[in-house]
Amino acid sequence: MSEEQEFSFEEAYAELEQVVEALEAGGATLDETLSLYERGVKLASYCESVLEQAELRVQMVQQNEDGELDLTDFQMS
Amino acid sequence: MRDVFSISRLTNYIKDLFDTDPMLGDVWLRGEVSNWSRASSGHCYFTLKDDDAELRCVMWRSVARQLLVLPNDGDEIVAQGRVTVYPQRGQYQFYVNEIEPIGQGVLYQRLEALKAKLRDEGLFDEARKRPLPAFPRRIGVVTSATGAAFRDILNVLQRRHPLVEVILSPTLVQGSDAPEQIVAALDALRKTDIDLVIVTRGGGSLEDLWCFNEELVARAIYAYHVPVISGVGHEIDFTIADYVADHRAPTPSAAAELAVPDTREVRETIRAMQMRLDRGVESVLFDARQQAEQQWRLLERCSPAGQIEQTRATIQGYTAQMARRVDVRMELERARLSGVSGRLHELDPDATLARGYAIVSRADDGRLVRSPAEVSANDVVHITVEGGTFAANVDADIEND
């Protein structure tokens with residue numbers, strides 16, 4: 001699912017919601033329904049896998065000597 | 001010879017007098033603050049006065065930063081310091097070493113006054129408070145890097161929604177330098193593409209939390225480009241920052257909980273959506289199958305094969321009906337036949353012969369003789385009786401009846 005690599009969790013989740021609603025609304029052809037279903041299942045498992053692998057990332061923004069802002073990884077002492 | 005002093009010499013002379021005086025070197029003063037100003041350097045300049053006199057005052061940044069709350073115009077303060085001369089201006093000034101903490105009564109008054117002012121300006125209006133994003137990607141946190149508040153926030157985020165990225169913008173969260181730092185820390189985050197910011201610190205006294213009651217902090221929060229969650233102190237503490245923030249959390253941990261959804265709930269929602277997908281597609285498939293079956297039945301009825309089948313069925317129906325009728329007819333005929341054959345038996349010539357009758361036929365052409373007129377003398381006839389046939393000659397005329 002290379003296309004989902006560029007996908008953020010939020011986008012995938014939002015699309016999943018749309019797909020579910022579209023499927024439940026009915027009125028789609030059988031083919032459309034089946035591809036909606038396939039898309040929905042993909043999105044749901046993508047969202048779950050993202051959550052599964054998530055690890056909190058902490059950075060710190062600070063001014064350096066030149067007065068510019070630096071982002072550095074933050075280590076809790 | 002006249003002794004002419006330079007201005008500097010005289011001023012230094014006076015300054016020496018001041019500096020060697022034991023009382024002026026260490027004095028406590030009480031007075032009302034006016035003309036308060038704080039330079040960008042952090043040094044503070046103001047005037048202390050009573051009804052009849054006023055005194056110029058200086059408080060260096062190193063002293064000011066020790067204070068939790070800086071005085072404002074109109075505050076009555078008690079301060080310790082020394083009085084000396086500032087030669088460049090030819091002024092004597094009071095250099096403040098220490099200020100007694102401002103009374104809580106004064107602080108509450110100041111708090112209420114600022115609250116009323118900002119409320120009148122609309123900074124607390126509910127209508128302008130922004131909703132939080134459902135799934136923030138990046139969260140800014142404005143707090144001390146070493147405080148418990150930040151640790152609490154990281155713990156909650158790690159547990160609830162580790163998908164999020166945290167960017168700490170470190171700042172003092174206590175003391176008179178804190179307000180400017182908090183504003184600068186908010187500014188630093190403007191360039192980092194955050195979805196919301198948490199402004200927070202742990203619990204403390206009214207004075208400890210005072211920086212969150214400063215007007216410039218309130219205005220910076222009000223003008224911020226993304227939603228702001230305040231989490232200052234404990235449940236009971238309310239600061240101006242809490243009123244102006246888009247969302248107020250009672251503690252730092254609660255601020256983190258407010259900021260992100262719980263991953264467990266998100267997972268449940270995703271699973272529920274999966275089930276809705278399954279149910280949705282099943283119902284569509286069920287409907288489609290039913291429709292297909294109905295169409296199939298319709299099609300079968302209309303197809304040539306169906307029509308032939310139907311005709312055949314009709315024909316078979318007729319055939320069966322006919323067969324039934326024929327059977328009935330046959331039965332009838334059979335019954336009639338048996339009646340006829342009984343009667344036929346009665347007509348059997350043999351039976352008549354047995355009763356003693358004879359059949360006479362002409363020998364020449366075999367015709368039956370039914371009347372004496374049909375024979376003449378000397379004709380040969382065959383006479384058949386029960387036992388067999390014999391020939392006879394017609395002897396003579398017999399009287400016709």
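Bear in mind that the values here come from a model prediction, so they are computed numbers and not experimental data. Chain naming here is simple, since letters A, B, ... match the order of the sequence lines and numbering starts at 1 in each.
A/Glu52 touches chain B through backbone and side chain together, each having a heavy atom under 4.5 Å away. The part of B/Gln274 that comes within reach of chain A is its side chain, from C-beta onward, which places non-hydrogen atoms under 4.5 angstrom from that chain. At a 4.5 Å heavy-atom cutoff, A/Gln53 makes no contact with chain B through either its backbone or its side chain. Of the atoms belonging to B/Ala288, it is side-chain heavy atoms, and not backbone ones, that fall under 4.5 Å from chain A. Both the backbone and the side chain of B/Asp278 come within less than 4.5 Å of a heavy atom in chain A.
Distance CD/A/Gln59 to OG/B/Ser169: 12.5 Å, rounded to 0.5 Å. Rounding to the nearest 0.5 angstrom, the gap separating the CZ atom in A/Arg57 from the CD1 atom in B/Ile167 is 8.5 Å. Distance check, rounded to the nearest 0.5 Å: CG of A/Leu56 to CD1 of B/Ile153 gives 11.5 Å. In this structure, CD on A/Glu24 lies 10.5 Å from CE on B/Met273, to the nearest 0.5 angstrom.
In summary, A/Glu21 and B/Arg276 do not engage in a salt bridge, as defined by a charged side-chain N under 4.0 Å from a carboxylate O. For the pair B/Arg137 and A/Glu11, the salt-bridge criterion is not met [side-chain N within less than 4.0 Å of a carboxylate O].
Among B/Ile139, B/Val166, B/Leu157, B/Val164, the residue making the largest number of heavy-atom pairs under 4.5 Å with chain A is B/Val166. Contact count against chain A (heavy-atom pairs under 4.5 Å) is highest for B/Ala188 among B/Pro133, B/Ser283, B/Ala188. With respect to chain B, the highest number of heavy-atom pairs below 4.5 Å among A/Val19, A/Leu71, A/Leu69 belongs to A/Leu69. In terms of heavy-atom pairs under 4.5 Å with chain B, the best-connected choice from A/Thr33, A/Leu34, A/Leu51, A/Leu36 is A/Leu51.
Smallest separation of non-hydrogen atoms from B/Ile270 and A/Ala44: CG2-O, 3.8 Å. Looking at every heavy atom in both residues, A/Gly40 comes nearest to B/Leu277 through C-CD1, 3.4 Å.
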Problem - Residue pair A/Val61, B/Leu168: steps toward the side chain to side chain contact (heavy atoms under 4.5 Å, CB included) verdict - result: CA-CA 6 Å; A/Val61 62; B/Leu168 170 68; over 6 Å; no

Handout entry: B/Leu285 vs A/Tyr37, side chain to side chain contact (heavy atoms under 4.5 Å, CB included): CA-CA, chis, key distance, verdict
Key = CA-CA 12 Å; B/Leu285 285 177; A/Tyr37 178 73; over 6 Å; no

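Crowding of B/Arg159 atom CZ: a count of heavy atoms from other residues, nucleotides or ligands under 6.0 Å exceeding 12.
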